[in-house]
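Below is one structure, written out as structure tokens; comments come after it.
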Amino acid sequence: DQWHAILVACVGMLVYILPSLCFFMPFRWEEERYTDGVKWKFLEHKGPVFAPPCDPLPSNVKFYYDGKHMKLSSSAEEVATFFAKMLDHEYTTKEVFRKNFYKDWRKEMMSEEKSKITDLNKCDFSEMSEYFKAQSEARKAMTKEDKQKIKEENERILQEYGFCIMDNHKERIANFRIEPPGLFRGRGDHPKMGMLKRRIRPEDIIVNCSKDSKHPKPPPGTKWKEVRHDNKVTWLVSWTENIQGSIKYIMLNPSSRIKGEKDWQKYETARRLKKCVEQIRAQYRDDWKSKEMRIRQRAVALYFIDKLALRAGNEKEEGETADTVGCCSLRVEHLTLHQEMDGQEYVVEFDFLGKDSIRYYNKVPVEKRVFKNLQLFMEDKEPEDDLFDRLNTSILNKHLQELMDGLTAKVFRTYNASITLQQQLNEITNSEDNVPAKILSYNRANRAVAILCNHQRAPPKTFEKSMQNLQTKIDAKKEQLADAKRELKMSKYLLEGEIEEQLMKLEVQATDREENKQIALGTSKLNYLDPRISIAWCKKFGIPIEKIYNKTQREKFAWAIDMAEKDFQF
DNA sequence: TGTCTGACTTAGCAGCATGTGG
DNA sequence: CCACATGCTGCTAAGTCAGACA
């Protein structure tokens, strides 16, 4: 009996201790994975944090209609404040924005307000706008102690709502705060800009957790829309958004097991493509000659996806979103064919808006067969007609699936991005270089990928100034070096060497920044480049990983940091 | 075969925290 | 120690793609 009791105690202890041990298991991505679509066995969380309620404006902050003061009902006032807060943005002057805003604002008005307010142009939001500006100034001017208090409160909320338990692991939640209400501003020329994005209430929320967990409680006096226990999905909370009617989710942070494993899998698929890409290329080149038009279109589209890293290009509902395209949805008007251009034959000029309404502009010499096919596809078509009228992403991906298990259009982007980084690093890293110069090489390799993937950014507002500042520093350093050379001999070499190194560092920094003016490196680093390539490169050349990845990125790529040896090749 | 929906990844940017250099 | 520039982080829009359904 005594032994039995001890045994029971030991088993109890184990059950208690094991989960916490798992927290510290370094290779948790190597734990057993579920099959048949099960994503977890246990999921417990505290639910979302709702947007803070809207405070009524103080009575001295007035709204004027047609020059006359008008007291707004609380619902009309809230929506008016959304507009007032955006007054400094150029888009509040856009016709579409104003029209959509006005229409949705009227829905929130009382009937008297509706009859009084008939013209948005007669609305004066300037006092509200000034009030919010003053508020944000006041926030900036807060005492250290007050700022500290806010910080502590945020930390408390993070600790309470920012984590969940998924299968014995405490995991960080990515977006546990519900999006606050406001005016929708899509990207680019969005037909719905200015529409009211409504406030999300507990009654809109679907909670997902395991049956045997402690279910999150809705705020007092409210109910969830639904509590479900679906372990075939990874989300914790969802709701339907009112602009596009799409579903939004609360999910885990990229550092979580579930995201990390998926990320790893993505790169493993891309590496499998590496093994058969030449064969696939041979096949699509052959298909350019097919007697079937749909095969030729598929083959030319795939060539673009492979060569230019274009996105697949799903169809979009007209009038619901900005007019953007990807490969399969290219229209005749997006290409110009040049038999000859700048001394090159068969040049295709691309000019279209892609994801996020980022412009893709490129002049590409292509194979004669591709060129001839394009002429054929464009024959007798209007500019607004589809280039590939016998093709869509579904057809293309079904074809790709037959060529390789798990192959889809986007795998080519991942593959080409990662292989480019690997090749560039192999090619341009000089082992004789010092650390800053090696990092310049790394950034250049990263840049080659960003250019391939068309990851652009608006030049930073302070770009010119910051370049100037840097140049001033460089000039000062040169001066200093000249001085040092004239100085007494004693410490000369030591000092000179040090200054030269500093100068070199500054110059490298200037080059890097200049080259990076309109290029965004972050997206490719985070989503397209197999982190094991970078980590292996760091190990091989003695570069601290912190120089390449910041804290968040190191957390996201923890799986790769554990895994990659210095000889890893993509 | 096409359409719709749901789940998930990819994207640029604003605002703020942080680190740096004078 | 402060001002300022920079880098990071959060935010949320906008894609991809599979599978259900007609």
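Below, chain A is the first sequence line, B the second, and so on; all start at residue 1. None of the values given here were measured: they were computed from a predicted structure.
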Ring center gap for Phe101(A) and Phe82(A) short of 6.0 angstrom: no
Can you check whether Phe176(A) and Tyr161(A) have ring centres sitting under 6.0 Å from each other? no
Could you tell me whether the phosphate oxygens of [N], OP1 or OP2, come under 4.0 Å of any side-chain nitrogen or oxygen in [X]?
X         : N       : result
Lys398(A) : dA18(C) : no
Asn397(A) : dC17(C) : yes
Arg185(A) : dA14(C) : no
Asn314(A) : dT16(C) : yes
Thr408(A) : dC17(C) : yes

Readout for nucleotides 5-14 of chain B: B = base within 4.0 Å of protein heavy atom, S = sugar-phosphate only, - = neither; 5' to 3' it is -SBBSBSBSS
Look at all strands and tell whether Ala322(A) reaches a base, only sugar-phosphate, or nothing, counting heavy atoms closer than 4.0 Å. nothing
If you look at every strand shown and take non-hydrogen atoms under 4.0 Å, does Lys525(A) touch a base, only sugar-phosphate, or nothing? nothing
Whole-Å distance, Ile157(A) CD1 to dG10(C) P, equals 14 Å
Rounded to the Å, how far apart are Asn516(A) CG and dT6(C) P? 13 Å
Would Tyr549(A) and Phe557(A) satisfy ring-ring contact (aromatic ring centres under 6.0 Å, His included), going step by step from the backbone distance to the final call? CA-CA 9 Å; Tyr549(A) 291 137; Phe557(A) 297 135; 5.0 Å; yes
